[in-house]
Amino acid sequence: MARSKRRYWLFKSEPEAFSFDDLRAAKRRRTTWDGVRNYQARNLLRDDVERGDGVLYYHSRANPPGVVGLAEVVKAGYPDPTQFDPQDAHHDPKSDPDDPRWFMVDIEARRALPSFVPLDELKANRKLARMLVVQRGQRLSIQPVTEAEWHEVLRMGGAPAR
DNA sequence: GCCAACGTTGGC
DNA sequence: GCCAACGTTGGC
């Protein structure tokens with residue numbers, strides 16, 4: 001069930017692991033956002049991220065880090081199968097299949113931002129002073145973004161407002 | 001590659 | 001339930 005009002009998120013990915021270009025090159029330009037193994041992020045994926053929500057695709061551990069493109073949630077939270085796969089790096093032997101511990105969503109690439117927005121610029125923008133990604137020590141890989149922050153980042157990236 | 005900041009684990 | 005040890009994240 002979709003909410004009446006769309007929410008916005010920032011998803012972090014290390015480009016060497018899975019970049020925005022990788023997402024755009026993927027089948028149907030989609031991917032499962034699996035492998036999240038942090039409870040706070042899990043709670044967001046399970047309870048709050050909904051189909052139709054907007055995603056700022058952020059490259060972490062990049063030179064420089066920053067927001068590279070936009071994506072959209074195309075499937076809300078459901079159990080992440082990699083937790084039950086002993087061969088997978090994110091296998092969790094303590095997770096009960098009848099009560100899965102880890103959840104994921106599916107996202108689909110939208111457009112790349114015409115201009116990459118580096119973390120330095122996010123930090124320098126006073127309108128974004130409260131944005132989570134600019135907070136020191138903030139490591140959450142799935143972060144809520146306000147509507148105002150979303151529009152400001154799109155503006156900085158040269159994307160038409162929408 | 002370094003390391004500060006966090007989150008998790010497990011002994012007690 | 002405390003907290004030291006350990007593992008991970010992610011900017012630099």
Side-chain angles (χ1 to χ4, degrees), chain A residues 7-26 31-49 53-73 76-107 109-110 112-146 148-150 152-159:
Chain A
R7 286 188 197 166
Y8 303 97
W9 310 94
L10 179 146
F11 281 22
K12 292 181 185 172
S13 184
E14 297 185 21
E16 288 192 10
F18 196 78
S19 70
F20 188 68
D21 280 345
D22 289 334
L23 178 59
R24 291 203 293 175
T31 191
T32 56
W33 205 256
D34 58 42
V36 173
R37 296 294 182 267
N38 168 280
Y39 287 104
Q40 202 177 342
R42 183 283 307 270
N43 291 346
L44 294 172
L45 291 175
R46 186 189 59 191
D47 304 334
D48 296 317
V49 180
D53 286 355
V55 173
L56 298 175
Y57 201 103
Y58 179 89
H59 281 171
S60 61
R61 291 189 69 116
N63 296 301
V67 178
V68 62
L70 307 177
E72 185 168 310
V73 177
Y78 63 109
D80 176 351
T82 66
Q83 68 195 304
F84 304 121
D85 178 0
Q87 306 304 317
D88 194 278
H90 297 107
H91 177 230
D92 182 353
K94 294 181 183 172
S95 183
D96 177 357
D98 292 327
D99 185 18
R101 181 177 292 185
W102 305 113
F103 285 70
M104 64 183 189
V105 299
D106 293 354
I107 67 170
R110 290 289 182 259
L113 289 178
S115 55
F116 174 76
V117 182
L119 178 59
D120 280 351
E121 289 184 20
L122 298 175
K123 285 181 172 174
N125 187 331
R126 298 178 64 180
K127 291 181 184 173
L128 303 179
R130 300 183 67 181
M131 195 173 179
L132 289 179
V133 74
V134 308
Q135 308 303 320
R136 183 163 175 271
Q138 178 57 66
R139 303 187 315 184
L140 195 60
S141 64
I142 304 290
Q143 304 183 350
V145 170
T146 69
E149 289 164 352
W150 167 269
E152 182 63 9
V153 173
L154 264 59
R155 188 194 64 73
M156 293 169 78

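Order of the sequence lines fixes the chain letters, A, B, ..., with proteins taken first and strands second; residue numbering starts at 1 for each chain. Being a predicted model, the structure only gives us computed values, none of them experimental. Side chains are part of it too, since the values below use all heavy atoms of this structure and drop only hydrogens, waters and symmetry mates.
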Applying salt bridge (Lys or Arg N to Asp or Glu O under 4.0 Å), which residue pairs with at least one partner in residues 83-104 of chain A are found, sequence neighbours left out? A/Asp92-A/Arg101
Taking side chain as C-beta onward, heavy atoms only, is A/Asp48 less than 4.5 Å from A/Asn43? no
Rounded to the Å, how far apart are A/Leu140 CG and B/dC6 P? 12 Å
Per the atom types in the model, does the base of C/dT8 pair as donor or acceptor with the side chain of A/Arg37 at under 3.5 Å? no
Is there a residue in residues 126-134 of chain A whose heavy atoms reach under 4.0 Å of DNA chain C, and which residues are they? none
Nucleotides 10-12 of chain B: which of its N/O atoms have a protein N/O under 3.5 Å away?
none

Length of the line joining A/Glu14:CD and C/dT8:C1', which is rounded to integer Å: 10 Å
Going by side-chain contact (heavy atoms from CB on, under 4.5 Å), name the residues that satisfy it together with A/Ser19, two or more places apart in sequence or in a different chain. A/Pro15, A/Asp21, A/Asp22, A/His59
Grab the NE2-C1' distance between A/His90 and C/dT8 for me, whole Å please. 11 Å
Atom CG of A/Asn38 to atom C1' of B/dT9: distance rounded to whole Å? 15 Å
For residues A/Trp102 and A/Tyr39, establish whether the separation of their ring centroids is below 6.0 Å. yes
Just the rounded figure in Å: distance from P of B/dG7 to CH2 of A/Trp102. 13 Å
Nearest heavy-atom neighbours spanning A/Gly35 and A/Thr82: N-OG1, 4.2 Å
Would you indicate whether the side-chain heavy atoms of A/Tyr78 and A/Met104 approach each other to under 4.5 Å? yes
With sequence neighbours left out, the residues meeting side-chain contact (heavy atoms from CB on, under 4.5 Å) with A/Ala148 are A/Thr146
Nearest heavy atoms of A/Leu23 and A/Ala71, plus distance in Å: CD2-CB, 4.3 Å
By side-chain contact (heavy atoms from CB on, under 4.5 Å), which residues pair with A/Gln40, not counting sequence neighbours? A/Asn38, A/Leu140
For A/Gln40 and C/dT8, what is the distance between atoms CD and P respectively, to the nearest whole Å? 19 Å
Just how far, in rounded Å, is P of B/dT8 from CZ of A/Arg101? 11 Å
Whole-Å distance separating the CZ atom of A/Arg139 from the P atom of C/dG7: 14 Å
